[in-house]
Amino acid sequence: SSEAPKTDGGQTGGDKKIVVGFVTDTGGLGDQGYNDAVYSGITKASEELGFEVKMVESKEIGDYANNLRAVFNDGADVAICAGASFADAVVQVANEYPDKTILAFDAEVDGVANVVSSMFKEEEAAFVLGAFAGLVTKTGTVGYIAGVESPLQERAKNGFEAGFMTTNPTGKVIGIYAGTYNDVGKGKEIANTLYTQGADYVASFAGACNLGVFQAATDAGEGKYALGAALGQFDKNPEKIIASQVKTVDLSVYNALSEFISGKSSAGITTRGINEGGVDIMYNPNTELVNTVASDEILAQVDAIRTQVINGEIKVPLTKEDLAAFNK
Amino acid sequence: MDKIKKTCSELKMPLIAIAFAFVFGSLLILSTGKNPIEAYSALFRGAFGSPAAISQTLNKAIPLIFTGLSVSIAYQCKSLNIGGEGQLVFGAFGASLVGVYLKGLPMLVHLPLAILAGFIFGGLWAVIPGLLKIKKDVNTVISTIMMNYVAFSVVSFLINTYFKADKSDFVAMNWVETTARIPFIQNGGLRICIGIIFAIIAAIILRILLQKTVLGYEIKAVGGNQNASNSNGISSKKNILISLIISGGLAGLAGAMDILGNSGKLYDGYNPGYGFDGIPIALLAKGNPVGVILTALLFSVLRTGAVTMQTSVGVSRTIVDAMQGVIILFIAAEYIFTIYKKARLNRTKMIEEKKLEGAQ
Amino acid sequence: MTYAIEAINVCKYFGNLKANDDITIHVEKGTVHAICGENGAGKSTLMNVLYGLYLPTAGHIRINEEDVSLKNPKDAIERGIGMVHQHFMLIQNLTIAENIVLGQETGTKLFLDRKKAIKEVEELCEKYNLHVDPKARVDEITVGMQQRVEILKALYRGVDLLILDEPTAVLAPQEIEELFENIRLLVSKGKTVIIITHKLNEVLEISNRISVLRLGKLIGTVNTNEVDESKLTQMMVGRDVVLGGRERKETIKKDEVLKIENLSLTKGHHKALDEINIDVKSGEIVGIAGIDGNGQSELIEIVSGLLKHYTGEVEVNGENIKRKNVRKVRADGLGYIPEDRHRDGLVLDYSVAENMILGQHYHEPFAKNYFLKFNAINDFAEQNIKDFDIRTMSKDSLASTLSGGNQQKIILARETCNKPKFILASQPTRGLDVGAIEFVHNTLVEARNNEQGILLVSFELDEILALCDRLYVFHMGKVVGELKKEEFDVEEIGKMMLGLREAKANG
Amino acid sequence: MISIEAIILMTISTAVPLVFASLGGVLSERSGVTNIGIEGMILFGAFCGMAVSYFTKNPVLGVIAAAVGGGLLALIHAFISISCGGPQAVSATGITLFSVGITSFGLRLIFNRAGNSDPVAYLPTTEIFRDIPVIGKYMANFSPLLYLAIIVGVGIWYLFRHTPLGLRIHTVGENPKVAETLGINVWRIRYWCVIVSGMLAGLGGAYLSLGQMNLFQENMSAGRGYLALAAVILGRWKPLGVIAACLFFSVFDAIQLQLQATNMTGLSPTILSAIPYVVCLLVLAFSFGKSKAPAANGKPYLKKQG
Ligand SMILES: Nc1ncnc2c1ncn2[C@@H]1O[C@H](COP(=O)(O)OP(=O)(O)OP(=O)(O)O)[C@@H](O)[C@H]1O
Ligand SMILES: Nc1ncnc2c1ncn2[C@@H]1O[C@H](COP(=O)(O)OP(=O)(O)OP(=O)(O)O)[C@@H](O)[C@H]1O
Ligand SMILES: [Mg+2]
Ligand SMILES: [Mg+2]
């Protein structure tokens with residue numbers, strides 16, 4: 001674990017103000033996913049705890065290490081980064097700067113003294129959301145848009161399908177990879193296709209493409225809805241997004257930062273599922289809207305499933321094989 | 001002496017263009033309420049301010065030099081290779097294959113093999129557009145664009161399936177063996193990848209190839225006039241294909257350098273954009289290999305510096321992107337001056353001729 | 001006497017180059033006025049000034065005795081000036097009718113009335129007795145017809161003054177005669193014609209007055225009936241010129257350097273070459289006479305080794321070339337002077353020296369172990385520049401900066417200096433002035449005297465008659481006649497070229 | 001089951017920006033100026049459209065602004081490649097780089113954040129068609145820009161087929177010298193063709209930010225400009241051919257997504273996504289006859305006034 005610097009955040013004159021560095025992944029800010037969520041967590045923490053933020057947007061994976069070095073060289077005490085592909089760069093730079101700390105999210109780094117690694121069980125939230133979708137669908141068909149094929153995306157997608165099948169064994173999930181995280185237009189076209197093919201809910205887990213999905217839900221008209229991701233995204237289309245598989249990266253970032261500042265952070269991996277408050281299903285704050293499609297019984301049913309996931313009665317499948325086995 | 005003079009006059013316009021771009025950039029910076037002088041000093045500090053900064057600037061230039069050379073050689077033969085990115089990705093894949101799966105070789109064997117693999121894979125990826133061009137007269141622009149997309153998909157697929165790392169939460173190949181990693185010169189803050197030397201050597205080789213060899217003569221002849229070349233026993237098809245293969249190979253080398261030097265492993269979704277950057281770099285350098293080194297360095301200075309500009313002054317890197325565009329536009333417009341000058345040169349030549357004839 | 005157009009003290013400078021230097025010419029209405037001069041004398045430039053393509057640096061233009069300022073061709077067209085340019089100004093993939101109406105289209109702004117265009121062109125053809133098929137595409141018709149289209153283009157715009165810049169270079173004798181008929185018809189209808197040509201006999205035949213330019217200056221304007229060829233030549237180049245090469249030696253003619261048997265080539269649906277039999281021996285110049293587009297280009301492509309999908313046998317220097325590539329054919333003793341120097345002969349962005357080794361750049365002494373040997377190349381280039389009297393600033397000047405005649409000399413030097421057994425020369429003097437032509441002719445005849453064999457393709461019948469020991473006449477891809485020097489007869493050959501007559505096959 | 005209906009609808013709506021951009025490409029290239037800067041012009045158009053709609057709350061003004069923005073960038077390209085006789089590929093690359101930088105910068109300037117803009121007023125769909133039997137319900141779902149694209153396509157086809165101006169543009173692209181000798185102003189025609197080409201690319205951008213979506217996103221052109229360029233070549237520089245080429249790309253993209261959705265092939269989505277490009281290469285490899293670019297395409301024409 002790292003040595004904690006003074007916690008007063010430089011409010012008092014002479015003390016050095018803490019500097020937090022933030023290196024985005026190649027999605028950059030505005031990706032509607034990690035980076036935005038992380039940034040909102042950092043902003044919140046900086047407002048409350050008072051520290052300076054230095055940010056670098058990465059253009060490619062090969063730059064990660066250099067950008068981490070850059071924020072450290074520029075005076076950062078702690079660096080934050082989010083994205084699975086950061087793992088190698090984090091290890092490398094953490095070793096070069098033993099007196100600095102890296103808070104890594106989604107990047108699995110173990111056994112490095114100055115790296116705090118936070119992982120999430122996206123599949124759990126996805127599973128519960130899938131179960132919800134299975135219950136509320138009127139057409140028996142729901143759509144799912146993923147970004148670019150990757151283990152994390154597969155995990156979430158499989159979790160969703162498995163959840164759906166538990167509550168709606170006769171229905172079907174149409175899953176499509178957009179092949180990109182940042183083509184809103186394509187996201188919309190794919191969602192349109194899914195709605196045309198009878199899906200009444202489309203779950204979106206494809207970064208900025210999600211914005212396209214939400215727009216498509218409006219165009220598709222009555223009875224068509226979307227399911228969001230990230231921090232809920234309800235503000236992106238309050239009328240159409242009923243529920244979301246949220247990943248509370250912002251909260252994790254906030255917590256990790258305050259732990260760091262108070263000197264309590266500990267190195268190693270923490271994995272957060274629903275139980276640990278890392279991921280969850282979240283409903284549109286407009287309860288009336290939620291109730292128009294989901295009765296209280298349905299919500300109770302979903303809640304029961306959620307509890308089963310939490311206490312391990314349901315083991316959420318991770319891979320395609322797991323999923324096939326699960327569905328049997 | 002004459003050479004120095006010539007170089008000076010050749011450098012004049014690019015320098016003016018760069019100056020204009022900086023003026024333009026300051027307007028943008030001012031519009032955000034920041035101080036341009038502060039921003040630019042951060043930019044230069046980030047690019048040159050410390051041994052670490054200098055190392056980064058040089059390291060960043062490595063793949064850019066290779067892709068710049070790649071576009072140059074194809075351009076000498078009048079094909080516009082927009083497919084550098086795909087060739088780069090494929091070259092990176094080839095280098096990784098050799099770097100990861102060949103084990104137990106000494107570095108002196110392993111590293112050259114891995115680099116060679118980068119060249120061969122990149123070159124192979126350019127063979128298809130080359131064949132389409134010479135067999136079917138398919139425009140290289142369109143075929144290389146298509147081949148980019150195909151390369152991304154194919155390599156991504158291969159990394160996701162057969163060549164996936166043993167354990168990883170994000171998709172990548174395994175680490176390249178240390179015997180295939182390009183060494184760094186480390187000294188204090190200095191951390192310079194030997195790849196920069198390879199890049200400079202490649203530029204020199206290319207210059208020699210173009211200026212001093214039969215092959216270079218033929219490639220340029222075909223670029224200058226395909227019909228005349230064919231009529232004089234220089235096969236335009238052969239040379240177009242060869243120049244595209246070398247071009248693809250160089251782009252592949254850019255990928256190899258990046259993987260074997262910089263990142264150490266090939267990630268899924270690897271397309272760093274250097275292949276596209278090669279186009280303005282080569283065109284700015286007017287296809288001159290030595291010029292490519294300079295323009296690549298310019299780009300890398302701007303980009304490396306942009307990071308510091310962002311961290312310490314909070315000025316976004318997008319300004320640097322726009323400035324790169326402005327530099328290129330000014331250079332393109334510069335042709336109005338060179339053409340004017342050339343015309344004048346020709347006229348004075350004609351006058352001399354007339355005098356000669358008149359003296360008869 | 002009224003003047004149709006006058007150039008008054010016209011100067012046109014390109015930078016410091018005085019392409020036209022204080023030129024004053026008065027062209028009388030209803031006459032044919034010829035402009036003569038060497039290459040680069042400034043003829044085309046002056047015409048371009050009259051047509052509004054160039055603004056004069058100084059001086060002005062009068063049309064119908066009225067000062068005018070022509071800012072662009074549009075102004076000129078409006079004042080009844082038409083010009084047929086040295087290089088045809090036609091769009092290959094458009095129809096004749098479209099080409100003719102272009103710029104003054106029939107119909108409305110929003111609708112191009114093609115039917116009306118065709119009708120108007122047909123009427124025009126009728127009126128001036130110039131026949132073309134308005135619906136045919138330009139790339140499907142012969143050069144002679146293209147020439148007619150160019151004239152129709154001018155007439156369609158209602159010209160009073162027609163400028164013809166070297167209109168006869170590509171025509172057969174009969175076509176030239178036909179063109180002259182048309183010129184006379186135009187003049188009889190009150191139109192005025194300015195004509196540029198390098199062929200002095202034509203000048204004397206068609207014109208009323210002649211202006212001679214040299215190095216951008218007007219040497220003088222004379223009445224045609226007051227001069228003869230030698231006087232004109234003197235005015236143009238300042239000395240006498242002998243075309244057709246100097247003395248011809250008796251040669252042995254023993255080796256067969258080219259032998260073609262039953263050569264046929266199908267192009268699309270028609271036969272570009274049809275059962276051709278030709279042979280050339282060392283020590284003779286054999287000509288191919290014929291109008292452009294009758295199979296000559298294809299023949300050349302085949303003999304030079306470029307084109308392979310023919311049937312029949314082609315032997316160069318005793319070896320079949322079917323399986324040889326261009327480089328091998330050339331290396332085994334073929335010099336090739338292509339018809340279009342810019343397209344096939346030179347890399348214009350290469351220096352004189354680099355062009356001088358094109359095709360020989362890969363072997364000793366110019367290259368060794370894949371590397372170029374610059375000392376050898378430079379020596380070679382300098383030697384040739386001296387031997388062939390090539391006017392260039394230096395061996396390092398770009399070929400594009402040389403005048404056409406000097407560019408041609410680079411090719412000539414390259415293809416003849418190492419004395420290949422067989423020289424394939426296609427249009428070696430196209431567009432050159434008499435001085436340059438004299439040089440080319442001398443070079444070719446010298447090669448012949450030196451026991452080299454030469455196949456000469458030319459659309460200039462005069463050239464063929466002057467240089468060749470033997471000739472074949474081509475028409476529609478067939479050999480329609482073979483004649484020995486003593487049987488040469490302009491009338492006969494002209495008729496054969498037009499397919500009007502077939503000579504009995506030479507036995 | 002593969003849904004033909006879904007494929008058709010998706011094909012049509014993804015083709016719209018491509019059609020605009022590649023029709024622009026046709027115009028510019030037929031006049032003799034290559035335009036590989038289309039990508040940048042689309043992006044800039046998308047941005048200008050969004051920005052104006054954001055400030056005026058009027059999407060129609062936004063669409064106009066998109067066209068103007070694309071046109072302005074094209075004007076720079078025209079100046080460099082026509083008046084300066086500069087290398088067209090360089091100019092176009094500069095335009096694209098500039099556009100990427102300036103739009104991202106502008107986004108941060110206006111909204112103080114990266115990624116995407118706030119939602120803005122966007123174009124309504126064409127509800128007036130809803131009452132047409134059978135197809136009305138589909139037609140009503142499309143953006144009016146789709147119909148504009150069709151009109152522009154037919155217009156450009158008509159332009160080249162039936163108008164004097166079309167004939168002149170063709171001439172300028174084939175042989176500018178001929179055009180000049182006939183009193184046609186080569187530069188003026190080229191300038192307008194390039195500018196209109198940029199305006200059309202800008203409209204393609206407007207479709208992305210105001211028709212399909214209601215916001216601007218960084219790099220939202222996502223390579224469509226290059227695809228449009230490919231379509232110009234594949235469609236052999238003919239307006240209708242080029243539209244067909246755009247539909248070709250879109251339909252294969254739609255098909256590959258359908259194949260994913262139905263999971264019929266068992267192939268990885270990554271491989272499936274390459275289908276449109278592979279098919280395009282195959283078409284080029286096996287197509288009969290050579291495609292011929294306008295003869296003077298890419299060659300500067302410097303006026304001969306000494
Ligand atoms: N646009 C131009 N810029 C510079 N120099 C030019 C230009 N046009 C012509 N010249 C030069 O002006 C001179 C006159 O050229 P011009 O074309 O008028 O000659 P010409 O008498 O028509 O020759 P030819 O017999 O070859 O047709 C030449 O030296 C030529 O190189
Ligand atoms: N801008 C220029 N700079 C230098 N030389 C030029 C320029 N423009 C034309 N020339 C040269 O001037 C000569 C005449 O050019 P022009 O375009 O008038 O050709 P032309 O008269 O139609 O044909 P020809 O060259 O056969 O006489 C050519 O040899 C050409 O190379
Ligand atoms: Mg002339
Ligand atoms: Mg001339």
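To find a chain, count down the sequence lines: A is the first, B the second, and so on, and within it residues start at 1. On a predicted model such as this, the values are computed, not experimentally measured, just so you know.
- Taking non-hydrogen atoms and a 4.5 Å limit, the residue list of residues 35-55 of chain D in contact with chain A is empty.
- The contact between D:Gln212 and chain A is made by backbone and side chain atoms together, counting heavy-atom distances below 4.5 Å.
- Residues of residues 7-17 of chain D that come closer than 4.5 Å to chain A, counting heavy atoms only, are D:Leu9, D:Met10, D:Ser13, D:Thr14, ordered by residue number.
- In this structure, A:Glu149 CD and D:Gln260 CD are separated by 8.0 Å, a value rounded to the nearest 0.5 Å.
- Using a cutoff of 4.0 Å between basic side-chain nitrogens and carboxylate oxygens, D:Arg224 and A:Asp183 are scored as salt-bridged.
- Contact detail for D:Met213 and A:Leu211: the closest heavy-atom pair is CE-O, 3.6 Å.
- No side-chain heavy atom of A:Val184 sits under 4.5 Å from any side-chain heavy atom of D:Asn116.
- Residue D:Leu208 does not touch chain A at all, counting heavy-atom pairs closer than 4.5 Å.
- For D:Tyr147, there are no side-chain hydrogen bond (donor to acceptor under 3.5 Å, both in side chains) partners two or more places apart in sequence or in a different chain.
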Let me see the working for D:Gln217 and A:Asn182 under side-chain hydrogen bond (donor to acceptor under 3.5 Å, both in side chains), right down to the final yes or no.
CA-CA 8 Å; D:Gln217 193 211 4; A:Asn182 37 30; 5.6 Å; no

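- Residue contact with chain A, scored on non-hydrogen atoms closer than 4.5 Å, involves the side chain of D:Asp253 exclusively.
- Here the shortest heavy-atom pairing between A:Thr193 and D:Gln258 reads CG2-NE2, 3.2 Å.
- Contacts from residues 100-110 of chain D to chain A, taken as heavy-atom pairs separated by less than 4.5 Å, involve D:Arg108 in sequence order.
- Atom-to-atom distance recorded for D:Leu272:CG and A:Tyr177:OH is 12.5 Å, nearest 0.5 angstrom.
- Highest contact tally toward chain D, considering only A:Val148, A:Ile190, A:Val173, is held by A:Ile190 [criterion: heavy-atom pairs under 4.5 Å].
- With values rounded to the nearest 0.5 angstrom, D:Phe142 atom CZ is found 11.5 Å from A:Asp219 atom CG.
- Of the atoms belonging to D:Ser273, not a single heavy atom falls under 4.5 Å from chain A.
- When heavy atoms are compared at a cutoff of 4.5 Å, A:Glu189 approaches chain D by way of both its backbone and its side chain.
- The shortest heavy-atom contact between D:Gly211 and A:Lys188 is O-NZ, 4.3 Å.
- Chain D forms more heavy-atom pairs under 4.5 Å with one residue of A:Leu194, A:Thr196, A:Ile176 than with any other, namely A:Ile176.
- Residue contact with chain D, scored on non-hydrogen atoms closer than 4.5 Å, is absent for A:Asn192.
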